[in-house]
Amino acid sequence: MELSLDRQPGHSGALPPGPSNRFWGLENLYHFQGARLLTLAQRLACYGDAAYCKLGPFPLYFFNHPDSVREVLVEHADSFYKPRRQKEVIGQVIRDGTFNADGPYWKQQRRLVQPAFHAKRIEAYADIMVNETSALLESWDLGQTAREVDLYQEMLKVTMAIIAQALFGAEIKGQAAAISHALKVCMDTETRQMQSLIRVPQWVPTPRHLEFGQAIKFFDQLIYGFIHERRQSQEDRGDLLSMLLLAADEAHTMSDNEVRDEALTLFSAGHETTANTLAWTWLLLSQHPEVERKLAEEVRRVLGQRSPGLADLSKLPYVEMVIKEALRLHPPAYALVRETIQEVTIGGYRIPVGNIVMVSQHVLHRDPRFFEQPDKFMPERFAADTPNPFPRYAYFPFGAGPRICTGQALAMMEAQIILTMIVQHCSVRVDLDQDVRPNVVLLQRPGHGLRATIAARPI
């Protein structure tokens with residue numbers, strides 16, 4: 001559905017309205033850093049479908065309409081690259097992986113990686129998801145006794161185990177603690193650097209920089225070790241690493257360095273986003289017990305006590321609706337930021353080269369023009385027979401256009417299986433008195449963990 005109503009007309013020769021650029025835009029730059037980016041997006045949304053401000057010397061255009069999302073992410077995608085600051089920070093870990101790459105190289109790598117996520121390939125990972133979720137449930141050892149856990153950390157643990165198995169197979173067993181520590185060091189470092197107005201150069205030997213360097217060295221040794229072993233054996237083990245090593249087109253086969261970058265991209269991004277989605281889902285279900293009861297009833301009716309299979313997911317529509325609604329209210333990526341590499345017109349405004357453009361899932365997903373009672377948790381809005389659905393590009397938790405998340409189907413399948421199995425066997429109650437404000441940098445994660453009580457669900 002293409003939307004044209006209720007859109008404020010742009011003027012190609014003028015700037016959109018926006019907040020004051022006093023103090024040479026430094027006040028806005030302060031708000032732009034790290035967690036404050038979401039605050040800035042919410043402020044700019046007050047100016048309508050388009051807004052403008054200065055971030056120090058850098059101009060920022062904010063667009064708040066589905067048509068503009070289509071223009072930025074789909075129609076004029078080739079007019080934008082990832083912002084330089086973001087590329088520098090993330091590139092320290094994943095280097096030239098597809099999440100960070102741009103231009104012809106990105107197109108080449110995307111074309112090579114895409115087959116690893118075809119439906120037939122990702123179906124093979126359903127058993128891994130079931131097995132690792134079963135292992136998580138066993139580790140809780142509930143019996144007749146409830147226990148308190150940090151549910152966010154538990155979701156990180158199971159999604160990391162799943163992506164590790166999907167990427168590297170059984171070889172990864174026994175390295176979970178070291179991998180978890182190295183990932184935490186990398187994520188914490190990226191968070192600090194994205195939040196800092198002034199970055200201390202990485203070559204300065206501070207304790208944090210040294211620890212970060214050791215984490216990168218650990219991942220290099222781990223992944224290059226797997227790559228060299230597989231190159232020698234030439235064995236296709238059906239995991240994602242085998243897919244990357246076999247990826248080729250008429251002109252190019254991935255080098256070891258390229259396989260390393262893509263593997264670490266999938267590893268780092270492939271577990272935290274799903275863990276965040278599940279954490280927010282548990283919070284919403286605890287806030288809305290009537291939804292949790294309906295969810296548990298669907299799972300009981302369809303599965304009883306048996307484990308789900310891939311074919312069962314289509315019989316559990318409410319599970320999918322719950323996850324999609326959680327993604328609407330708490331999208332892992334709360335905003336997408338791009339930098340113009342050529343002049344482009346968005347929303348009727350002409351944007352010169354070198355300007356920053358932002359569209360926000362968090363803001364648009366809660367726009368009352370497109371979603372009835374937008375702040376309410378209503379999974380039914382995603383029912384197949386819901387009349388007057390929201391317009392396309394009003395909802396884009398996985399992005400849109402040529403850079404839409406390659407792992408979207410894998411992430412949805414993973415979230416559905418984990419949610420289904422935990423609801424099937426456990427009653428989960430998040431402590432609603434705790435501080436649940438998100439830590440917002442590149443992703444929205446629970447800023448202080450997610451304390452919850454879990455108990456065995458009566459049969």
Side-chain angles (χ1 to χ4, degrees), residues 21-41 53-60 81-102 152-153 156 177-224 257 260-261 263-265 267-269 271-273 276 332-339 354-356 358 437-449:
N21 293 311
R22 60 183 179 174
F23 307 121
W24 307 280
L26 293 177
E27 181 181 19
N28 294 327
L29 182 61
Y30 171 81
H31 284 291
F32 186 79
Q33 298 305 311
R36 293 173 286 274
L37 175 56
L38 181 56
T39 301
L40 178 62
C53 71
K54 295 291 289 292
L55 303 172
F58 306 107
L60 173 103
Y81 276 0
K82 293 290 186 75
R84 281 166 285 182
R85 172 69 177 274
Q86 181 177 313
K87 286 169 66 70
E88 290 171 2
V89 171
I90 298 175
Q92 296 173 102
V93 179
I94 66 172
R95 297 175 189 160
D96 292 322
T98 47
F99 180 83
N100 219 34
D102 279 308
Y152 176 54
Q153 291 301 320
L156 282 173
I179 291 170
S180 179
H181 174 72
L183 277 174
K184 185 178 187 305
V185 169
C186 290
M187 289 189 297
D188 289 348
T189 300
E190 290 174 341
T191 297
R192 285 194 300 269
Q193 292 182 355
M194 290 297 291
Q195 290 177 323
S196 299
L197 289 175
I198 300 174
R199 284 174 54 196
V200 177
Q202 187 61 35
W203 53 261
V204 177
T206 68
R208 285 177 172 175
H209 285 176
L210 292 173
E211 186 180 33
F212 181 54
Q214 286 299 313
I216 298 299
K217 183 178 179 180
F218 167 79
F219 279 125
D220 284 347
Q221 291 175 339
L222 178 75
I223 296 173
Y224 282 126
N257 289 341
R260 177 265 182 210
D261 294 349
L264 195 46
T265 296
F267 197 62
S268 56
H271 83 288
E272 190 184 6
T273 51
N276 289 341
Y334 56 92
L336 297 176
V337 184
R338 300 286 189 264
E339 184 173 337
N355 285 234
I356 302 296
M358 180 167 66
R437 287 175 297 178
N439 176 12
V440 185
V441 186
L442 293 170
L443 300 173
Q444 289 195 78
R445 61 174 72 100
H448 304 279

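Here the straight-line distance linking atom CG of Asp96 with atom CG of Asp261 works out to 5.5 Å at 0.5 Å rounding. From Arg84, atom CZ reaches atom CZ of Phe58 across 6.5 Å, with rounding to the nearest 0.5 Å. The CD atom of Glu190 sits 10.5 Å away from the CZ atom of Arg192 when rounded to the nearest 0.5 Å. Asn355 contributes atom CG, which lies 8.5 Å from atom CD of Glu339 (distance to the nearest 0.5 angstrom). Remark: Asn100 CG to Tyr81 OH distance equals 12.5 Å, nearest 0.5 Å.
Contact of the Leu183 side chain with the His271 side chain is registered, since non-hydrogen atoms from C-beta on lie closer than 4.5 Å. Residues Gln92 and Ile216 have side chains not in contact (no heavy-atom distance under 4.5 Å, counting atoms from C-beta outward). At least one side-chain heavy atom of Ile179 sits less than 4.5 Å from a side-chain heavy atom of Leu222. Between Arg95 and Asn257 the shortest side-chain heavy-atom distance does not fall below 4.5 Å. Glu211 is listed as a side-chain neighbour of His181, based on a closest heavy-atom distance under 4.5 Å. Side-chain contact between His448 and Tyr152 is absent, with no heavy atoms from C-beta onward closer than 4.5 Å. Looking at Gln444 and Asn276, their side chains never come closer than 4.5 Å, going by heavy atoms from C-beta outward.
Under a 3.5 Å cut-off, the side chain of Glu272 and the backbone N or O of Leu156 do not form any donor-acceptor pair.
For Phe219, the CZ atom counts as densely surrounded, since its 6.0 Å shell holds more than 12 non-hydrogen atoms of other residues, nucleotides or ligands.
Here the rule is side-chain hydrogen bond (donor to acceptor under 3.5 Å, both in side chains) with Asp102, and of Arg338, Lys87, Lys82 only Lys87 fits it. Results of the side-chain contact (heavy atoms from CB on, under 4.5 Å) test with Gln193 over Val200, Asp188, Val89, Ile90 single out Val89 as the only residue that passes.
In terms of heavy-atom proximity, Thr273 sits nearest to Pro332 at O-CG, 3.9 Å.
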Could you go through the side chain to side chain contact (heavy atoms under 4.5 Å, CB included) check for Asp220 and Arg260 one step at a time?
CA-CA 8 Å; Asp220 284 347; Arg260 177 265 182 210; 2.8 Å; yes
